[in-house]
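The structure appears below as structure tokens.
Note that the structure is a prediction, hence the values are computed from the model and not measured.
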Amino acid sequence: MVLQSLNLCTILLFLAIASQVSQSLHFELHSGRTKCISEDIKSNSMTVGKYTVVNPNEAHPSPQSHKISIRVTSSYGNTYHHAEDVESGQFAFTAVEAGDYMACFTAVDHKPEVTLSIDFDWRTGVQSKSWSSVAKKSQVEVMEFDVKRLIETVNSIHEEMFYLREREEEMQNLNRATNSKMAWLGFLSLFVCLGVAGMQFVHLKTFFEKKKVI
């Protein structure tokens, strides 16, 4: 019984740590250039992001060359966040449309060219929830907190499985439609080839009859 309890606690701890994994990136961007990062988000999912341009000299304010513009858009072209000439910022929204969302960063044009270092943290679904704000100090409440986080993780995995199943069905329908069109195209090509061959046969037969070869 004690061993089973220890195994359960180990599983809970593992899933709790795994649920905190997020897409945290550090990348470089040259002046006047644009770099986009995509994230596949299902509908009705909460997503939050935070971005910062690293100051090359922390003892002084960031120079004007270390400014960026950012735009977050859905796969349908709808804009969910937009900021111009900023050093840092954050965004949060609930995805209405399922699909790939793009966060595009553009560095201001500057001569001579400089290289910006950008920290970007993007979290989606259960990862976007700040569970630390609801955690308590007592042992019972900490266990309750772990169970709630585990339930949220399981629900998120369950929803993700249904979402992937829907995407798989869409791809299968697309493959079936494509195969059907290719089959009809093959039959049409065969019909055209037979028609051309028949016309050539008739033409050659008429030609040889006129020449009294046959």
*Can you list the steps and then say if F91 with V48 is a side chain to side chain contact (heavy atoms under 4.5 Å, CB included)?*
CA-CA 6 Å; F91 59 84; V48 296; over 6 Å; no
*Can you list the steps and then say if R71 with H81 is a side chain to side chain contact (heavy atoms under 4.5 Å, CB included)?*
CA-CA 6 Å; R71 184 183 296 272; H81 175 73; over 6 Å; no
*Could you walk me through whether I68 and L116 pass the side chain to side chain contact (heavy atoms under 4.5 Å, CB included) check?*
CA-CA 9 Å; I68 60 172; L116 283 63; 3.6 Å; yes
*Give the intermediate values and the outcome of side-chain hydrogen bond (donor to acceptor under 3.5 Å, both in side chains) for residues N173 and R176.*
CA-CA 5 Å; N173 292 334; R176 283 193 289 265; 2.4 Å; yes
*Does the side chain to side chain contact (heavy atoms under 4.5 Å, CB included) test come out yes or no for K35 and F27, once each step is laid out?*
CA-CA 9 Å; K35 180 172 290 188; F27 59 93; 3.6 Å; yes
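No side-chain donor-acceptor contact under 3.5 Å links S88 and T52. When only modelled atom types and interatomic distance are considered, E84 and S69 share a side-chain donor-acceptor pair under 3.5 Å.
Judged purely by atom type and a 3.5 angstrom limit, H110 uses its side chain to pair as donor or acceptor with the backbone of P112. The closest donor-acceptor contact from the side chain of S75 to the backbone of G99 lies at 3.5 Å or more, if one exists at all. Between the side chain of N78 and the backbone N or O of S74, no donor-acceptor pair lies under 3.5 Å. Looking at T206, its side chain does come within 3.5 Å of a backbone N or O of V202 through a donor-acceptor pair. K42 places no side-chain N or O within donor-acceptor distance of the main-chain N or O of E97, the cut-off being under 3.5 Å.
By the neighbour-count criterion of 12 heavy atoms within 6.0 Å, atom NE2 of H26 is densely surrounded, having more than that number from other residues, nucleotides or ligands.
Between the CD1 atom in I118 and the NE2 atom in H66 there is a gap of 9.5 Å [rounded to 0.5 Å]. Taken from OG in S180 to CG in N175, the straight-line distance is 12.5 Å, to the nearest 0.5 Å.
Closest approach of Y51 to A83, counting heavy atoms only: OH-CB, 3.8 Å. Across all non-hydrogen atoms, the minimal contact from S43 to A98 is N-CB, 3.7 Å. Between V108 and S65, the shortest heavy-atom distance links the atoms CG2-O, 3.5 Å.
Side-chain contact between E39 and T124: present, with at least one pair of heavy atoms (C-beta onward) separated by less than 4.5 Å. The shortest side-chain heavy-atom distance between L25 and I37 falls under the 4.5 Å cut-off.
Criterion: ILVMFWY side-chain heavy atoms under 4.5 Å apart, direct or through other members. Under it, F120 and V53 are part of a common hydrophobic cluster. V192 and W184 fall into different hydrophobic clusters, where Ile, Leu, Val, Met, Phe, Trp and Tyr side chains are chained together by heavy-atom contacts under 4.5 Å. In this structure, F105 is a member of the same hydrophobic cluster as V114, with clusters built from ILVMFWY side-chain heavy atoms closer than 4.5 Å. Under the 4.5 Å side-chain heavy-atom criterion for grouping Ile, Leu, Val, Met, Phe, Trp and Tyr, V54 is not connected to W122 through any hydrophobic cluster. Cluster annotation: L29 is not connected to M102 through the hydrophobic network of ILVMFWY side chains, with a link wherever side-chain heavy atoms come within less than 4.5 Å.
Under the side-chain hydrogen bond (donor to acceptor under 3.5 Å, both in side chains) rule, Y163 has a single partner from E166, R165, R167, which is R167.
Residues satisfying the ring-ring contact (aromatic ring centres under 6.0 Å, His included) test with F187, not counting sequence neighbours, are none.
Ring to ring, Y80 and Y101 are close: their centroids are under 6.0 angstrom apart.
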